[in-house]
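Report on the following structure.
All values below were derived from every heavy atom in this structure, side-chain atoms included, with hydrogens, water molecules and symmetry-related copies excluded. Remember, it's 1-based here, ligands and their atoms both numbered in the order they're listed.
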Amino acid sequence: MTAADAAIEAVSTTPVLLVALDFDGTLAPLVDDPMTARMTPRARAAVDALAALPDTVVALVSGRSLGHLREIAEHLDASPMWLAASHGVQYWVPGAGEQPASDDAADLALRDRLREAITASVAHLDGVWIEPKEFGVGVHTRVADAETAREAREAADRLVAAEAPGWRRRTGHDILEFAFRHEGKDSAVAHLRERVGATAVLFAGDDVTDEDALRALRTGDLGIHVGDAETAATLKVADIDALVDVLEAVARQRVARAQ
Ligand SMILES: O=P(O)(O)OC[C@H]1O[C@H](O[C@H]2O[C@H](CO)[C@@H](O)[C@H](O)[C@H]2O)[C@H](O)[C@@H](O)[C@@H]1O
């Protein structure tokens, strides 16, 4: 048995498994227009199959705002899937719905002002656009050339450094994000682990922000990186399809264990 097979078997046989999955680049291919992102049909079938198993909880853990995540994940009110959105600030709990996330009027006012200033400062840059986020702002450069992308990032960095030096700065695939809330995917997984009483966690992600969660996993958990970047994950898979192979193997083993 390979080390990967042993790690998959360990999480498959745990009493209560939390399967926590990043969305963009992990279950859904990256696309130019973020609101058109969707899980591949195989990924959708694999997460639905896991979520239907006893003692197996599936959660999407994403940098997206909750409303956007529900839309692109086609997440219905009756879904058994938990959601941790905005990098672990917003939660949706099966049967209970959206959990209130507190915020402060001054933070929201600064968010609006900075968003406007950043939008104005990049308006002349081809292929750069601003995503309004619940707790901050995202600067997208997927369709900009490298020099224009650098100019956009520098403009946003200058404005945030001057007005909100305490905001959390994150980079990702062709995006630079700033937020006044500092939670990360590590705290999201810790919160979910506690809430669902998981005895082990399988976490998979493809981007820099997923490394927060991967670094915080414990002995007996399984961290999976989708792609070829440097990672704290114990297992690397080439792409979404290869991740789905692992998820299907876990589901098969949990079905066998329950019989
Ligand atoms: O934590 P995730 O679920 O991976 O979300 C991270 C960011 O995803 C979105 O941006 C990324 O995906 C887009 C659609 O494929 C792509 O166009 C963009 O280049 C990527 O950075 C989303 O728009 C962000 O808000 C999320 O933080």
Side-chain angles (χ1 to χ4, degrees), residues 19-40 43-44 47 58-75 81-92 111 115 118-119 122 125-146 148-150 152-153 156 160 167-189 191-192 203-216 223-227 229 231 233 237 239-240 243:
V19 180
L21 304 166
D22 168 54
F23 188 84
D24 293 283
T26 297
L27 298 173
L30 295 173
V31 290
D32 291 346
D33 174 359
M35 290 315 291
T36 65
R38 292 292 180 274
M39 287 185 232
T40 66
R44 169 99 244 174
V47 295
V58 177
L60 300 180
V61 180
S62 173
R64 301 268 194 159
S65 298
L66 185 62
H68 287 180
L69 181 61
R70 292 201 72 201
E71 184 176 334
I72 59 175
E74 297 170 331
H75 181 266
M81 224 177 284
W82 291 62
L83 302 177
S86 298
H87 300 289
V89 184
Q90 296 178 291
Y91 289 90
W92 195 94
R111 176 201 66 186
R115 230 186 238 166
I118 294 172
T119 303
V122 302
L125 297 175
D126 272 352
V128 177
W129 69 276
I130 301 304
E131 178 181 356
K133 305 199 67 165
E134 203 75 31
F135 303 99
V137 62
V139 181
H140 282 270
T141 54
R142 172 164 295 274
V143 295
D145 63 48
T148 308
R150 189 187 55 75
R153 286 193 298 269
V160 177
W167 280 23
R168 184 162 178 183
R169 179 185 193 274
R170 292 183 175 90
T171 54
H173 294 301
D174 302 301
I175 188 172
L176 171 62
E177 289 187 50
F178 301 94
F180 63 80
R181 294 287 296 251
H182 285 221
E183 288 89 337
K185 292 190 179 183
D186 48 347
S187 58
V189 169
H191 177 76
L192 291 166
F203 179 88
D206 72 311
D207 210 348
V208 182
T209 59
D210 299 313
E211 293 297 315
D212 290 342
L214 289 166
R215 275 191 298 270
I224 305 176
H225 172 73
V226 181
T231 179
V237 295
D239 52 24
I240 295 173
L243 172 66

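Where the criterion is an N or O separation shorter than 3.5 Å, residue side chain and backbone included, Lys133 meets it with respect to ligand 1. Remark: ligand 1 and Asp206 share no N or O pair separated by less than 3.5 Å (distance only, no angle test). Considering both main-chain and side-chain atoms, Val31 comes within under 3.5 Å of ligand 1 through a nitrogen or oxygen pair. Considering backbone and side-chain N/O atoms, Asp24 comes within less than 3.5 Å of an N/O atom of ligand 1. Geometrically, ligand 1 and Asp210 share no nitrogen or oxygen pair separated by less than 3.5 Å. Where the criterion is an N or O separation shorter than 3.5 Å, residue side chain and backbone included, Val61 fails it with respect to ligand 1.
The line from OG1 of Thr148 to CG of Leu125 is 6.0 Å long, rounded to the nearest 0.5 Å. Atoms OG1 and CG, on Thr26 and Asp210 in that order, are 5.5 Å from each other to the nearest 0.5 Å. Atom CZ in Arg168 sits 8.5 Å away from atom OG1 in Thr209 (nearest 0.5 Å). Rounding to the nearest 0.5 Å places CZ of Arg70 at 13.5 Å from OG of Ser62. Distance NE2/His173 to NE2/His140: 12.5 Å, rounded to 0.5 Å.
Near Leu30, with a cut-off below 4.0 Å to any heavy atom, the atoms of ligand 1 are 12 (O), 15 (O). Numbered from 1 in the order shown, with element, the atoms of ligand 1 that lie under 4.0 Å from a heavy atom of Glu177 read 26 (C), 27 (O). Less than 4.0 angstrom separates some heavy atom of Gly63 from each of these atoms of ligand 1: 1 (O), 2 (P), 3 (O), 5 (O), 27 (O). The ligand atoms of ligand 1 that sit less than 4.0 angstrom from a heavy atom of Ile175 are 21 (O), 24 (C). Residue Pro34 approaches ligand 1 through these ligand atoms, each under 4.0 Å from one of its heavy atoms: 14 (C), 17 (O), 23 (O). Counting the atoms of ligand 1 from 1 in the order shown, those under 4.0 Å from a heavy atom of His173 are 18 (C), 19 (O), 20 (C), 21 (O). Which parts of ligand 1 touch His140 is read off a 4.0 Å heavy-atom cut-off, strictly below it: atoms 10 (O), 18 (C), 23 (O). Taking a cut-off of under 4.0 Å to the non-hydrogen atoms of Arg142, the atoms of ligand 1 that pass are 16 (C), 17 (O), 18 (C), 19 (O).
None of Arg181, Glu183, Glu177, Lys133 except one satisfies the side-chain hydrogen bond (donor to acceptor under 3.5 Å, both in side chains) rule with His87; the exception is Glu177.
Here the side chains of Leu60 and Leu27 are in contact, with some heavy-atom distance below 4.5 Å. Between Thr171 and Leu176 the shortest side-chain heavy-atom distance falls below 4.5 Å.
Nearest non-hydrogen protein atom to atom 24 (C) of ligand 1 is Glu131 OE1, 3.4 Å. Annotation: atom 3 (O) of ligand 1 to nearest protein heavy atom, Ser62 OG, 2.7 Å.
The closest approach between a heavy atom of Arg170 and any atom of ligand 1 is not below 4.0 Å. By the 4.0 Å heavy-atom criterion, Asp22 is counted among the residues contacting ligand 1.
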Practice task
For the pair Asp186 and Arg215, evaluate salt bridge (Lys or Arg N to Asp or Glu O under 4.0 Å) and give the outcome as yes or no after the intermediate values.
Solution key: CA-CA 8 Å; Asp186 48 347; Arg215 275 191 298 270; over 6 Å; no
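By the criterion of a heavy-atom distance under 4.0 Å, the backbone of Asp32, and not its side chain, is placed next to ligand 1.
Asp24 has no carboxylate O lying under 4.0 Å from a charged side-chain N of Arg142, or vice versa, which leaves the two without a salt bridge.
Thr141 contributes no side-chain N or O that, together with a main-chain N or O of Ala144, makes up a donor-acceptor pair within less than 3.5 Å.
Taking the six-membered ring where the residue is Trp, Phe135 and Phe180 present perpendicular rings, their angle passing 60° and hence far from 30°.
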